[in-house]
Amino acid sequence: MDDQTRMMTGLTGLGGLAQADVGDPDSVRKQQSLGQPQQDIGDILQQIMAITDESLDEAQARKHALNCHRMKPALFSVLCEIKEKTVLSIRGVQEEDPPDPQIMRLDNMLLAEGVSGPEKGGGSAAAAAAAAAAGGSPTDSSIEHSDYRAKLAQIRQIYHSELEKYEQACSEFTNHVMNLLREQSRTRPISPKEIERMVAIIHRKFSSIQMQLKQSTCEAVMILRSRFLDARRKRRNFNKQATEVLNEYFYSHLSNPYPSEEAKEELAKKCGITVSQVSNWFGNKRIRYKKNIGKFQEEANLYAVKTAVDAANVSAQASQANSPATPNSGNKYLMLNIYRNFRLIQCSHDM
DNA sequence: TTCTATGATTTGAT
DNA sequence: ATCAAATCATAGAA
């Protein structure tokens, strides 16, 4: 408001002269001999130029003196006019900039990884759940997981402290610049819009620094993640008994080796693995069996025999219960059959 | 060390 | 959501 009234008042008298001459010290000097007003303006400009060579106290005193000078309003108005022209040309160049997609991407990632989100839960919990779901013994994954969490928390802490530092520096700097501009607006015309623009420029500069921080944080998280993702992928073979159970089911349902959800759950329980591990196993088994049936023939026969043995064992136990006087008599034929089966398997394999 | 087996993941179709 | 298929990455054998 104050600026504007000042801008208005000075514009009439010295406008023409100012437009032509004031911006250029040489022309000022040339005109110094022409008359008193020019001499004054020349002096004032000289003094302004010399301000930077003086000590701070001297400069302050000089500034005050200049502010009180009788030509000050006129000079001010000249500056206003020049300013108005240049500012108009600047104004159109840059207005509202859209939110940077790059920084949005980084923000999203940091949020997803639980670096920039709320302290507990969120991304780290999701990562933990993923680690747990990926399988492995609970102890293993919990150790890896806590390690991962600790590292992530470290990254998170660094990120936040750096971010805070940047924000503090940014607001400090902004305040400083704003105070400076306000102070300067007493001697040169600065509209609130300009201050706003300056603040926006500062924020842009600082946000570009912030983006670098976000970028490097993202990189750190990615590296950490890939390391622990590999750890999560560390494969442990299922134990023999589990593989046996799975194979038994597979070969006894060879015509339709697609266990239902319930069957999967039961198998998982029997094998001490998760349902998704059972699904993985069947997925792998189906595709690998199909790709090379020949290679799995022996295994198929083996498990066919195995199920036969089990079935026979059940019936044998039943018959044993029926005739305790002749123990194992039923098993004799069974063993013979198994032997014959083995011979058959070996023959088919040799061919 | 290389090679094979195997559990897990990714991708694309249904 | 589930599956096939391709692929990854490691365990374990040779």
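Everything numeric here is computed off the predicted structure, so don't read it as measured data. Letters go in sequence order (proteins before strands), and every chain restarts at 1.
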Among B:dA8, C:dA6, C:dA5, the one nearest A:R288 by side-chain distance: B:dA8
Rounded to whole Å, the OH-C1' distance (A:Y289 to C:dA4) equals 17 Å
Mind checking if A:K285 touches a base, just sugar-phosphate, or nothing, with heavy atoms under 4.0 Å? nothing
Salt bridge flag under 4.0 Å for residues A:E266 and A:K269: no
Among the candidates C:dT2, B:dA5, B:dG7, find the nucleotide nearest to the side-chain atoms of A:K295. B:dA5
Counting only side-chain nitrogens and oxygens, does A:Q277 get under 4.0 Å of the OP1 or OP2 atom of B:dA8? yes
Is the distance from OP1 or OP2 of C:dC3 to the nearest side-chain N or O of A:K290 less than 4.0 Å? no
Ignoring hydrogens and angles, tell me if any N or O in the side chain of A:Q184 forms a donor-acceptor pair with the backbone of A:L181 under 3.5 Å. no
Do the ring centers of A:F250 and A:Y289 come within less than 6.0 Å of each other? yes
Please report the distance, rounded to the nearest Å, between CG in A:N280 and P in B:dG7. 10 Å
To the nearest angstrom, the CG-P distance between A:N292 and B:dT4 comes to 12 Å
Grab the CD-C1' distance between A:E299 and B:dT4 for me, whole Å please. 14 Å
Please state how far atom CZ in A:F250 lies from atom P in B:dT6, giving the value in whole angstrom units. 13 Å
Under 4.0 angstrom between A:R236 side-chain N/O and C:dT10 OP1 or OP2: no
CG of A:N247 versus P of B:dG7: gap in Å, rounded? 9 Å
Within the distance-only criterion (no hydrogens, no angle test), does the side chain of A:T274 pair as donor or acceptor with the backbone N or O of A:Q277 below 3.5 angstrom? yes
Do any side-chain nitrogens or oxygens of A:N237 fall under 4.0 Å of OP1 or OP2 in C:dA11? no
Within a 6.0 Å radius of atom NZ on A:K285, are there more than 12 heavy atoms belonging to other residues, nucleotides or ligands? yes
Between C:dA11 atom C1' and A:N284 atom CG, what is the distance in whole Å? 15 Å
Can you measure A:F282 atom CZ to B:dA8 atom C1' for me and round it to whole angstrom units? 17 Å
